[in-house]
Number of protein chains: 2
Amino acid sequence: MPFPQTEIPGRLQKQLAGRGIRMTAQRRAILSVIEMATKHLDASQILRKARRVDATVDRSTVYRTLDLLKRQGLIDELDLMHIKGEGHYYERRLDRDHIHMACLRCGKITEFASKTFDSLKKQLERDCHFHIVVSRLEVGGYCSGCRR
Amino acid sequence: MPFPQTEIPGRLQKQLAGRGIRMTAQRRAILSVIEMATKHLDASQILRKARRVDATVDRSTVYRTLDLLKRQGLIDELDLMHIKGEGHYYERRLDRDHIHMACLRCGKITEFASKTFDSLKKQLERDCHFHIVVSRLEVGGYCSGCRR
DNA sequence: AAGCCTCTTGCGATCAGTTGCGACTGGAGA
DNA sequence: TCTCCAGTCGCAACTGATCGCAAGAGGCTT
Ligand SMILES: [Mn+2]
Ligand SMILES: [Mn+2]
Ligand SMILES: [Zn+2]
Ligand SMILES: [Zn+2]
């Protein structure tokens, strides 16, 4: 999970509030969980952690907040090749896009930012006259430790 | 949805049988639906169509068969940016990988094969010592008709 | 500080996808 | 052609995600 060099705590909350979105105790709890995360979390993990901050948080509020953050472009939703189960994973969206690689054997997730990926997207925008808002490149395969 | 120039009907079925996988009436029904599809289908659409071929097909059999085909590398699973709902879409995997672009306004799905995408994957394999088995690049944004 | 409007929430019902189980069957071998 | 059993199936119970609704609470206005 990529981290910015210097992160102001509560930044996510400020970004939302700055867009005129109402701040609630439940949202603050969920946002703090996402902000402090050191790995990709799924909805049930976010719920569990958020409840330690505010015990009233309900499952549906987590899903609704994740949906809000997605629509606002503040988080990205990942499949991670559905290595375990059908669920989705979430991570904060930072300045630089990155690729996710999931090892089909050991389950390790590797992240990688690539210049070629950036130019591929530029090329897509030019060649297909498509304005890209969000992009997701995920690959499944075998990591250096697991390939033979 | 990309189509091969000449497709032998029943090819998917032969591919499975050739790998020693048992062929059943239900599987034949589901395979034919996937083979004849002219667009990306979700599980409930596949179930509905398969039942018109064999009325006994159950929901769980569709999911189990999709899972089998995924594991065999014969179909790919797509999110299509979850333009509508959380579900997944399926398409046959053919020789050439392609990118999916989903328009967030009109919902149109555009497919695109790219030389740069192919070399990005090669570069990934080299730089990360990762052996790619399956890859998925999906982008959301605005198509030529919808961007202003 | 209080009122008010609107957005948000928890709850329960519902829907979609998964799993365990006993019955069934494809197809290899006799 | 018949037998046989591992693999597959339908079913029903279960789990995770969604939705509609009435109650609750941000935060602007006064
Ligand atoms: Mn990541
Ligand atoms: Mn997905
Ligand atoms: Zn590995
Ligand atoms: Zn469009």
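We name chains A, B, ... by the order of the sequence lines, and we start the count at 1 in each one.
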[X] has an atom [atom1]; how far is it from atom [atom2] of [N], in whole Å?
{"X": "Arg51(B)", "N": "dC9(D)", "atom1": "CZ", "atom2": "C1'", "result": "13 Å"}
{"X": "Glu86(A)", "N": "dC15(C)", "atom1": "CD", "atom2": "C1'", "result": "16 Å"}
{"X": "Lys84(A)", "N": "dT19(C)", "atom1": "NZ", "atom2": "P", "result": "15 Å"}
{"X": "Arg48(B)", "N": "dG17(C)", "atom1": "CZ", "atom2": "C1'", "result": "16 Å"}
{"X": "Arg27(A)", "N": "dG27(D)", "atom1": "CZ", "atom2": "C1'", "result": "13 Å"}
{"X": "Arg22(A)", "N": "dG26(D)", "atom1": "CZ", "atom2": "P", "result": "9 Å"}
{"X": "Met23(B)", "N": "dG7(D)", "atom1": "CE", "atom2": "C1'", "result": "12 Å"}
{"X": "Gln26(A)", "N": "dG26(D)", "atom1": "CD", "atom2": "P", "result": "8 Å"}

Non-hydrogen side-chain atoms of [X] and [Y] separated by less than 4.5 Å:
{"X": "Met101(B)", "Y": "Phe130(A)", "answer": "yes"}
{"X": "Val139(A)", "Y": "Lys121(B)", "answer": "no"}
{"X": "Ile99(A)", "Y": "Glu138(A)", "answer": "no"}

Which nucleotide in [options] has an atom nearest any side-chain atom of [X]:
{"X": "Ile21(A)", "options": "dT8(C), dT18(C), dT8(D)", "value": "dT8(C)"}
{"X": "Ser60(B)", "options": "dC11(D), dA6(D), dA13(D)", "value": "dC11(D)"}
{"X": "Arg64(B)", "options": "dA16(C), dT19(C), dA17(D)", "value": "dT19(C)"}

| query | Can the ring centres of His88(A) and His88(B) be said to be less than 6.0 Å apart? | reply | yes
| said: Please confirm whether the shortest side-chain N or O distance from Thr56(B) to OP1 or OP2 of dG10(D) is below 4.0 Å. | reply: yes
| Does dC7(C) have OP1 or OP2 sitting under 4.0 Å from an N or O in the side chain of Thr24(A)? |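 Checking Thr24(A) against dC7(C): no side-chain N or O falls below 4.0 Å of OP1 or OP2.
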| Salt-bridge present (Asp79(B), Arg136(B); N to O < 4.0 Å) | yes
| said: Closest-nucleotide mapping onto DNA chain D: is Arg59(B) or Asp54(B) further toward the 5' terminus? I mean the 5' end. | reply: Asp54(B)
